[in-house]
Protein chains: 2
Amino acid sequence: MDRWSRTHEALSQAALSLFAERGYDATGTAQIAERAGVSEMTLFRHFSSKEALLLADPFDPLIADAVRARPVNEQPMRAVVEAVREAWAGLDAESTAALRVRLRMVAAASGLGGAIERNSEETITALIGALADRGVATVTARVAAKAVISGLGVALLDWALSENDCLGDALGRALDVLGGADNA
Amino acid sequence: MDRWSRTHEALSQAALSLFAERGYDATGTAQIAERAGVSEMTLFRHFSSKEALLLADPFDPLIADAVRARPVNEQPMRAVVEAVREAWAGLDAESTAALRVRLRMVAAASGLGGAIERNSEETITALIGALADRGVATVTARVAAKAVISGLGVALLDWALSENDCLGDALGRALDVLGGADNA
DNA sequence: CCTCAATTGTTAGTGACTAACATTAGAGTT
DNA sequence: AACTCTAATGTTAGTCACTAACAATTGAGG
């Protein structure tokens with residue numbers, strides 16, 4: 001663990017604890033830097049924005065590999081949907097709980113609409129690449145990737161706010177909708 | 001045309017002309033207010049943000065009505081997709097050209113990713129309402145509406161940057177993908 | 001011990017956006 | 001024409017995320 005990783009971790013910890021205590025909006029970047037024992041400038045060298053401290057890409061880039069494993073002649077939307085379904089199947093209880101905490105903060109904060117997609121750029125890019133490998137046109141790939149991730153973001157927020165719902169079920173329902181299933 | 005509408009129009013005009021001259025990023029809200037002959041405070045009373053000056057809801061709320069006109073047992077995604085297709089069919093050449101200009105500014109500016117969806121909240125809300133009237137679950141409705149609008153935003157940006165492409169064709173291809181067609 | 005590059009600190013600033021309160025314009029009434 | 005009352009605007013002073021330029025420091029390898 002080099003110096004960079006240490007401060008990176010310290011900043012993340014400081015941010016999450018402060019967000020939990022006072023809420024996202026009421027927490028300033030200066031306070032986060034102070035608790036991490038670091039200057040504010042350093043904070044922005046490690047995280048491009050304040051919201052990046054809360055949403056450090058919870059989505060997994062292994063989704064792209066799952067897309068590549070789908071049947072070649074499958075429709076783009078369905079391929080992405082099924083890939084996401086498989087990729088999210090193996091998520092332990094601990095990560096799930098942590099994700100829920102983070103997403104609840106997103107929901108509680110004002111002005112964080114679309115924050116999930118904004119911080120899923122890497123995942124979207126990976127998805128586009130995987131679809132391109134299947135011979136899908138670039139525009140088509142971008143449309144499908146963005147649509148699925150955006151829809152998924154809505155479902156994730158809804159799940160995080162609900163109390164007794166299983167993540168797998170919530171995602172499954174959303175993916176059914178996105179894939180064109182007949183959910184009325 | 002009352003006073004409110006006049007300043008509203010003046011602000012919109014001032015903003016668009018300045019964006020065209022110096023670009024979005026290089027234009028400050030103070031300059032816009034000055035050219036409109038108005039204080040900066042008034043600007044924010046008329047437009048909730050700087051980007052709202054560029055993206056004053058180009059999407060039509062009549063999309064919701066088109067959803068209501070779709071067959072009741074149609075899948076949510078397909079219903080929304082087809083409704084959008086119909087709603088955008090009647091768009092004159094002038095509006096199309098103006099839309100292209102605006103979207104090119106969006107593409108040129110930095111930090112305006114997701115700006116389209118952010119300013120389509122009303123359309124999304126309307127879509128959700130229309131889907132709810134069909135008996136679709138609220139989560140399902142939100143997922144479908146958000147996914148379609150997000151995917152559509154990507155297609156719109158791509159169309160705006162391309163030179164010789166017909167808007168109807170571009171939208172049609174995107175909607176096919178979103179609806180689950182077999183576009184490889 | 002020295003060097004050099006990576007990492008961090010300092011300072012000063014920009015620009016979008018907000019709050020509280022004073023001021024004006026303008027349509028309707030008498 | 002004077003009067004009123006509300007919508008609309010102005011003023012001031014501020015907050016806060018984020019950036020640029022440059023100086024200082026840490027730490028690993030020679």
Side-chain angles (χ1 to χ4, degrees), chain A residues 1-19 21-56 105-106 108-119 121, chain B residues 1-19 21-56 105-106 108-119 121:
Chain A
M1 190 118 128
D2 50 0
R3 193 149 61 122
W4 178 271
S5 306
R6 269 202 306 274
T7 42
H8 200 84
E9 196 61 29
L11 280 167
S12 185
Q13 296 286 342
L16 290 179
S17 60
L18 278 169
F19 291 161
E21 291 171 19
R22 320 180 191 188
Y24 178 85
D25 291 324
T27 303
T29 54
Q31 301 174 25
I32 300 173
E34 187 187 1
R35 177 168 293 194
V38 137
S39 86
E40 198 178 357
M41 187 70 238
T42 297
L43 186 155
F44 284 106
R45 279 197 266 252
H46 281 256
F47 296 90
S48 59
S49 67
K50 182 184 170 186
E51 64 178 52
L53 280 159
L54 185 52
L55 292 168
M105 291 182 187
V106 174
S110 74
L112 249 57
I116 298 177
E117 300 135 83
R118 236 172 289 149
N119 292 83
E121 270 309 315
Chain B
M1 189 115 128
D2 51 359
R3 192 151 61 123
W4 178 271
S5 306
R6 269 201 307 272
T7 42
H8 200 83
E9 196 61 29
L11 279 167
S12 185
Q13 295 287 341
L16 289 179
S17 60
L18 278 169
F19 291 161
E21 291 170 20
R22 320 181 194 187
Y24 178 84
D25 290 324
T27 303
T29 54
Q31 300 173 26
I32 300 173
E34 188 187 0
R35 176 167 293 193
V38 138
S39 86
E40 199 179 356
M41 188 68 238
T42 297
L43 185 155
F44 285 106
R45 279 197 264 253
H46 280 256
F47 295 89
S48 59
S49 66
K50 182 184 169 186
E51 63 178 52
L53 280 159
L54 185 51
L55 293 166
M105 291 182 187
V106 174
S110 74
L112 249 57
I116 299 176
E117 299 135 82
R118 234 171 293 149
N119 292 83
E121 270 308 317

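Numbers restart at 1 for each chain; the letters A, B, ... are given by sequence-line order, proteins then strands. FYI, side chains are in, hydrogens and waters are out, and symmetry mates aren't considered; it's all heavy atoms of this structure.
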Rounded distance in Å - CH2 (B/Trp4) to P (D/dA8): 6 Å
Expected output is a numbered-order residue list: members of residues 44-53 of chain B with a heavy atom under 4.0 Å from any atom of DNA chain D. What is it? B/Arg45, B/His46
According to a strict under-4.0 Å criterion, is A/Thr7 in side-chain N/O contact with OP1 or OP2 of C/dT7? no
Look at the side chain of B/Arg35 and the backbone N and O of B/Ala10, then say whether any donor-acceptor pair between them is shorter than 3.5 Å. no
List the atom of A/Leu54, the atom of A/Val106, and the distance in Å for their closest heavy-atom pair. CD2-CG2, 3.9 Å
Do B/Leu53 and B/Thr29 come within less than 4.5 Å of each other through their side chains, counting heavy atoms only? no
Tell me: CG of A/Leu11 to P of D/dA17, nearest whole Å? 14 Å
Rounding to an integer number of Å, can you tell me how far A/Leu54 CG sits from D/dA17 P? 14 Å
Could you state the CD-P distance from A/Glu34 to C/dT8, rounded to the nearest angstrom? 18 Å
With a 4.0 Å limit, can you tell me whether A/Thr29 has a side-chain N or O closer than that to the phosphate oxygens OP1/OP2 of D/dA17? yes
Please report the distance, rounded to the nearest Å, between CG in A/Asp2 and C1' in C/dT8. 14 Å
Within the 4.0 Å heavy-atom criterion, would you say A/Ser5 contacts the bases, only the backbone, or no part of the nucleic acid? nothing
Could you tell me which non-hydrogen atom of B/Asp25 sits nearest to which non-hydrogen atom of B/Ser110, and how far apart they are? OD2-N, 3.1 Å
To the nearest angstrom, the CG-P distance between A/Leu43 and D/dC16 comes to 15 Å
For the pair made of CD in B/Glu40 and C1' in D/dT11, what is the distance, rounded to whole Å? 12 Å
Would a distance-only check, ignoring hydrogens and angles, find a side-chain to backbone donor-acceptor pair under 3.5 Å from B/Ser5 to B/Met1? no
Ranking A/Asp25 and A/Met41 by the position along DNA chain D of their nearest nucleotide, the one closer to 5' is A/Asp25
In whole angstrom, give the distance that lies between atom CZ of B/Arg118 and atom C1' of C/dA16. 14 Å
Charged tip of B/Lys50 within 45° of B/Tyr24 ring normal and under 6.0 Å: yes
How would nucleotides 23-30 of chain D be written as a contact map, 5' to 3', with B for base contact, S for sugar-phosphate-only contact and - for no contact, using protein heavy atoms under 4.0 Å? ---B----
For B/Ala36 against B/Leu11, the heavy-atom pair lying closest together: CB-CD2, 3.6 Å
If you draw a 6.0 Å radius around CD in A/Glu51, do more than 12 non-hydrogen atoms from other residues or ligands fall strictly inside? yes
When you measure from the side-chain N and O atoms of A/Thr42 to the phosphate of C/dT8, is any distance below 4.0 Å, counting only OP1 and OP2? no
For B/His8 and B/His46, take the angle between the two ring planes, folded into 0 to 90°, and tell me which bin it lands in: parallel under 30, tilted 30 to 60, perpendicular over 60. tilted
